[in-house]
Structures are given as structure tokens and as C-alpha cells.
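Structure record follows, encoded as C-alpha cells.
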Amino acid sequence: MSRAELAETILARMGIAGVGDGVRDEDGWRPGSGPALTSTCPTSGHELARVGAASRDEYDVAVEGARDRFHEWRMRPAPVRGELVRALARELREHKQALGELVSLEMGKIRSEGLGEVQEMIDVCDFAVGLSRQLHGLTIASERPKHRMMEQWHPLGPIGIVTAFNFPVAVWAWNAAIAAVCGDPCVWKPSPRTPLCSIATQHLADRAMAACDAEGVWSLVCGGADPSRWMAEDPRLPLVSFTGSTAAGREVAAAVARRLGRSLLELGGNNAVIVAEDADLDLATRAIVFGAVGTAGQRCTSTRRVFAHARVHDELLERLRRAYATVKIGDPLAEGVLMGPLAAPSAVAAYLAALRAAQAQGGVLVCGGGVIEREGNFVEPAIVRAPPPDRFPIAREETFAPILYVFRVESVEEAIAAQNAVAHGLSSAIFTDSVRHAERFLSPGGSDCGIANVNLGTSGAEIGGAFGGEKDTGGGRESGSDAWKAYMRRQTATVNWGGELPLAQGVEFL
Ligand code: NAD
């Protein structure tokens, strides 16, 4: 069976036939008359399908539809809005296997990670359903007699969601589930590399919307960079949630800021693990291999740098080398495979260029470094023994590939400083049995990242916590905790239930 036939079979299991239409608005599916997108299987290099992208006019229709829907949707009680998300979770549970396999086929992550991505969607839906009864504000003591002051959270408006190729469905769910209970319809612009995943997800969303009389709450505009640029400049969208590279996020954020809109940015990462002299090396090795090799190094939270104390450096390096030798590389849908392909030939070129730069800057290749001779974009995961960080600028860049730079350090203090000396600030970890090292790492002078872990790796976050990072990662927070506040507007309301009109700060007038 060809890969294109496999895609059709998986979609058929979800009850979806025909995926050429790249636009779904309040009135239904449209072919999309913008430039066609080609979905290419990273495992075989063959075409999976062609999808019509949205033209500017079609984009406008989708945004207008979301705007119209907003007027009704914001007035539905939040727990009733939660019913829509509950219905989506039902669809996702029913089709978890098929959607997870489609993610694996089109994006290239292994089956277990594809299923994990769909589970993440289910988890965030469950979270959002609970949240629909907890969108609460504060009541604040007023200084004026017979006055009550309170904070209310109201729906913000239709929002634009732009997503990256490496989490082709989960990132939409992080945004769409929470935004929906907050009262905001969403227009989704997925990655042009993964249109099938987004179309399949939208079909499940359609069924949930039909069950809840909620057509138009979630709509889809496939396309390349253009629709996300339109979103960035579009005053009808008070919030644009953008996930992708720092370079693209910078452009989007600047355009949104020019119109004084809000952006929620989830950009690149350059994540590090510190291995202290007293670390449990079994734990550290397993966590580093998952962090660096999982998803072929194509997670925003992938482990890219290790700072190992001189006392454990050589042993850790040897353990990592041995573990890397056992990683089975191949078809991500096949049993036992732990690493699939890179997204595209350009990613293979970036991998090779980074390794050339690393060696030119004094790095020593410990293992990997080659392109695997077969169809698709397969490379070997690489470990590089790195010179001191100030002489190794390549390690300050995010290369979206399985390359791990291992540095030798003399202390946890030195490791924390080196870890923080990069532009990104997403995820970080320390392996130690010392409460002092752990607390130093978590203190205000410790890790400067949005995520800081002790004795677990940098990737694989749960949805209950707020997800995101600082500096060039963009500062956004999505998913759990109080990330919902980004999707709402805060209103301070004061009610005077007395017969006087006392002014604040004791001001006298009239
Ligand atoms: P990308 O920046 O190439 O594309 C992301 C999205 O932005 C796509 O939908 C794309 O069409 C659009 N886009 C691209 N260029 C644009 C531009 N100039 N203006 C407006 N829109 C543009 O990123 P990618 O290769 O799909 O994904 C990998 C990147 O995403 C990595 O840097 C990774 O770290 C990051 N990422 C971050 C998170 C996070 O939560 N922090 C999660 C996943 C991925």
C-alpha cells in the first residue's frame, strides 16, 4: 500500500473522505482557491495529498463568520460552552488511534508519540471542561462605604491560532479548547507541512459543533505564511496565538503590536540538562536520550545541551553513546522504532550544516552525524563533545534535529550560568540528589526558563501546568494553570449600593 493510500485508509477509519478542501468556515468546507499545499510523507518523500489553501477572500469569510458567532457564543454560560469541548473530547477518544497514526504518518514522530499527542488533546479538553466552571475573578475590598468592587473575566473575541509542524494537532487543542470555554471562536492556520492532520482534526471538531449547535466556533484556513500574516495585521482578531520559530514569531509579534493587539507566543527553545556530580546517571541517561532523540530532536523542548560535572562527564558520555547505539531508526509507524525521519530535506541540510560548524569550532563527534541511505529524511542522532561554551557559538542556536552538545563543567554554578547564556528560555533540567543543588537551580538566580525540572528531562510536559518560556521563546503561557486569562478580558466593576457618592482618595467635588 502506498503512503497516500495509507493516509486515505486512516482517514476513512475516521469517517473522512476527500481531503482536498483546505478551508472550513461557518457555512461548510471549501476547496480553497489560494496556492495548493502538498503534504509530503517525511518517511518516503512521496506525496500524501494536495490541499487547496485559503485565498484572502476566503480567509475574510472565515474571520467574519467567527466574528458573527462570537456575539452569540459569548452569551452562552461558560459551563454550557464546556459541553462543546466535552463533545470534542468524545470524538478524540473515539478516534485517538487513527488520528495518532495520521500524525505519525504526516509529521514523522513515532506511533507512541503520535498517540501521546492526541492524548494531550484529550487531557486539555478535560481540563477545559472543568475550567468552564472556574473562570472566576476576585472580590476586592472597596475603600468607599456601601461599595462592592470585583473583577470579572469576559470573552475577548475571535482569535487566530497559528501552529507549527511538529505538534500538528495538540497545540491547536491547547488553544482551541481553552478559548472555546472562555467564549472565543477560533480561526486556525496550521502548518503547511501537515494539512491532513488539521483537516482530520477539524472534521472531529465539526461533529462536536454539530452536536452542540455551535457551528463556526472552530474554523480552519490552510495556507503558508500569508494567512498568519493576515491574522497578525487583522484588528478583528484581538489575540493571535502563534507557535513556531523565533524568526517568524518576531515578525508576527511586531505586526500584532503595531495594531495594539495581543499575541501569545510559543517560539523556539535551546534546552539544557545539568548533570551534577551526585546525579543518578541511570535516570539522567534515559531522560537525556528521550529528550534529545525523541521526535528526532524536533520538539521545542528537545534537549540540545548537556552540562556534565567533570566527575561524571566521561561516564555519562559513554553511557549516552551506548544508549544511542540501541536506538532503532526507521518507519515511525513500525513496531520498536524509536526515531523517525526529519520533517524535510531542508532539515537534513540544517543538521549537516550544524555538525560541520560544530566540528569547525572544535567539537568532537562522539557518534552519529550521517545521513541514512534510504528514501525519506533520515539521519543518525549525533552526540558532540563540546569545547567551552564561549568558544562554541553553534550551541547557542536551535537546530531542529537530533544533535546533542555535551559540555564539561566544574560546578553547578558554572552550569547554570552557561545554561542561561543563550537567547531562548523554554525548558531546563537538573539531575542531582542534593537538595542544595536542586533548590539553587529553582531559585530566582537559577534557571531562567519557563520550565525547570529536577530529576526529569526537558521534554514531555503535562497539560496541567502553564507551558511556555522566556526571552526568545516569546514569554507566552498556554494550556494549564491560569493560562486561560490570556483568552479573556479583565474588567474591574464597582457597584455603589448606598445613597451617597463618596469619591476615592477622599477627593471632594460638588
Ligand atoms: P515555522 O516558524 O516555520 O512555522 C510556524 C508557523 O508559522 C507555520 O504555520 C508557518 O506557516 C507560519 N509562518 C512561517 N513563517 C512565517 C512568517 N514569516 N510570518 C508569519 N507566519 C509564518 O516553524 P516550524 O518549522 O513549523 O516549527 C518549528 C519551530 O516551532 C521551532 O522553532 C520550535 O521550537 C517551535 N515550536 C515552539 C513550540 C512552543 O510551544 N514553544 C511548540 C512547537 C514548536
Side-chain angles (χ1 to χ4, degrees), residues 22 34-35 37 42 51 53-54 59 103 106-109 113 117 120 124 160-175 187-195 197-198 220-234 240-256 263-271 291 295-304 342-344 346-347 350 377 397-401 422-427 449-451 458-461 463 465-480 483:
L37 302 175
V51 170
Y59 162 84
V103 167
E106 193 179 36
M107 183 276 156
K109 61 180 66 175
E113 290 182 274
E117 177 160 355
E120 195 167 333
V124 81
I161 304 173
V162 180
T163 55
F165 82 90
N166 63 331
F167 275 89
V169 291
V171 173
W172 170 78
W174 292 357
N175 285 280
V187 182
W188 180 18
K189 205 299 287 178
S191 166
R193 288 194 207 282
T194 52
C197 288
S198 57
L220 174 73
V221 289
C222 287
D226 276 346
S228 58
R229 291 197 183 101
W230 301 332
M231 284 180 173
E233 288 169 2
D234 196 335
V240 176
S241 171
F242 179 89
T243 300
S245 57
T246 297
R250 218 183 280 283
E251 283 181 35
V252 167
V256 175
S263 48
L264 179 50
L265 302 174
E266 295 288 354
L267 310 179
N270 187 351
N271 317 294
T295 329
Q298 300 173 108
R299 285 191 186 213
C300 50
T301 52
S302 287
T303 307
R304 310 207 177 278
L342 290 178
S346 58
N377 315 310
E397 289 171 27
E398 180 195 48
T399 303
F400 227 51
V422 294
H424 295 104
L426 181 52
S427 188
C449 293
I451 298 168
T458 58
S459 69
I463 62 90
F467 181 91
E470 305 301 336
K471 304 192 294 185
D472 274 10
T473 303
R477 290 297 185 277
E478 280 175 4
S479 193

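Keep in mind that what you see is a predicted model, and the values were worked out from it rather than measured. Counting convention: from 1, in listed order, for ligands and their atoms alike.
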Who's the nearest protein heavy-atom neighbour of [atom], and how far?
atom                    : value
atom 11 (O) of ligand 1 : Lys189 NZ, 2.7 Å
atom 27 (O) of ligand 1 : Ala164 CB, 3.3 Å
atom 36 (N) of ligand 1 : Cys300 CB, 3.6 Å
atom 41 (N) of ligand 1 : Leu267 O, 2.8 Å
atom 15 (N) of ligand 1 : Ala248 CB, 3.6 Å
atom 22 (C) of ligand 1 : Ser228 OG, 3.5 Å
atom 2 (O) of ligand 1  : Ser245 OG, 2.5 Å

Under 3.5 Å, is there a donor-acceptor pair between the [X] and [Y] side chains?
X      : Y      : value
Trp172 : Ser198 : no
Ser241 : Asn175 : yes
Asp234 : Tyr59  : yes
Thr458 : Thr301 : no

Check each heavy atom of [X] against ligand 1 and say whether those closer than 4.0 Å belong to the side chain, the backbone, both or neither.
X      : answer
Thr246 : neither
Glu251 : side chain
Ala343 : neither
Glu398 : side chain

Of Thr243, Thr163, Ile161, the residue with the heavy atom nearest atom 9 (O) of ligand 1 is Thr163
I want to confirm something. Looking only at heavy atoms, which of Ser346, Gly244, Gly469 is nearest to atom 30 (O) of ligand 1?
Gly244
State the atoms of ligand 1, each with its element, that fall below the 4.0 Å cut-off from a heavy-atom position in [X].
X      : value
Ser191 : 9 (O)
Pro192 : 11 (O)
Asn166 : 43 (C), 44 (C)

Do Arg304 side-chain atoms and Ala401 backbone N/O form a donor-acceptor pair below 3.5 Å?
yes
Quick one: does Pro190 get a heavy atom under 4.0 Å from ligand 1?
yes
Of Glu120, Glu266, Glu478, which is the lone residue that meets side-chain hydrogen bond (donor to acceptor under 3.5 Å, both in side chains) with Trp174?
Glu120
Below 4.5 Å, heavy atoms only, C-beta onward: do Pro192 and Cys222 meet side chain to side chain?
no
Answer yes or no for atom 18 (N) of ligand 1: protein heavy atom present at a distance under 4.0 Å?
yes
Can you confirm if the NZ or CZ of Lys189 lies within 45° of the ring axis of Phe242 and under 6.0 Å from the centre of its six-membered ring?
no
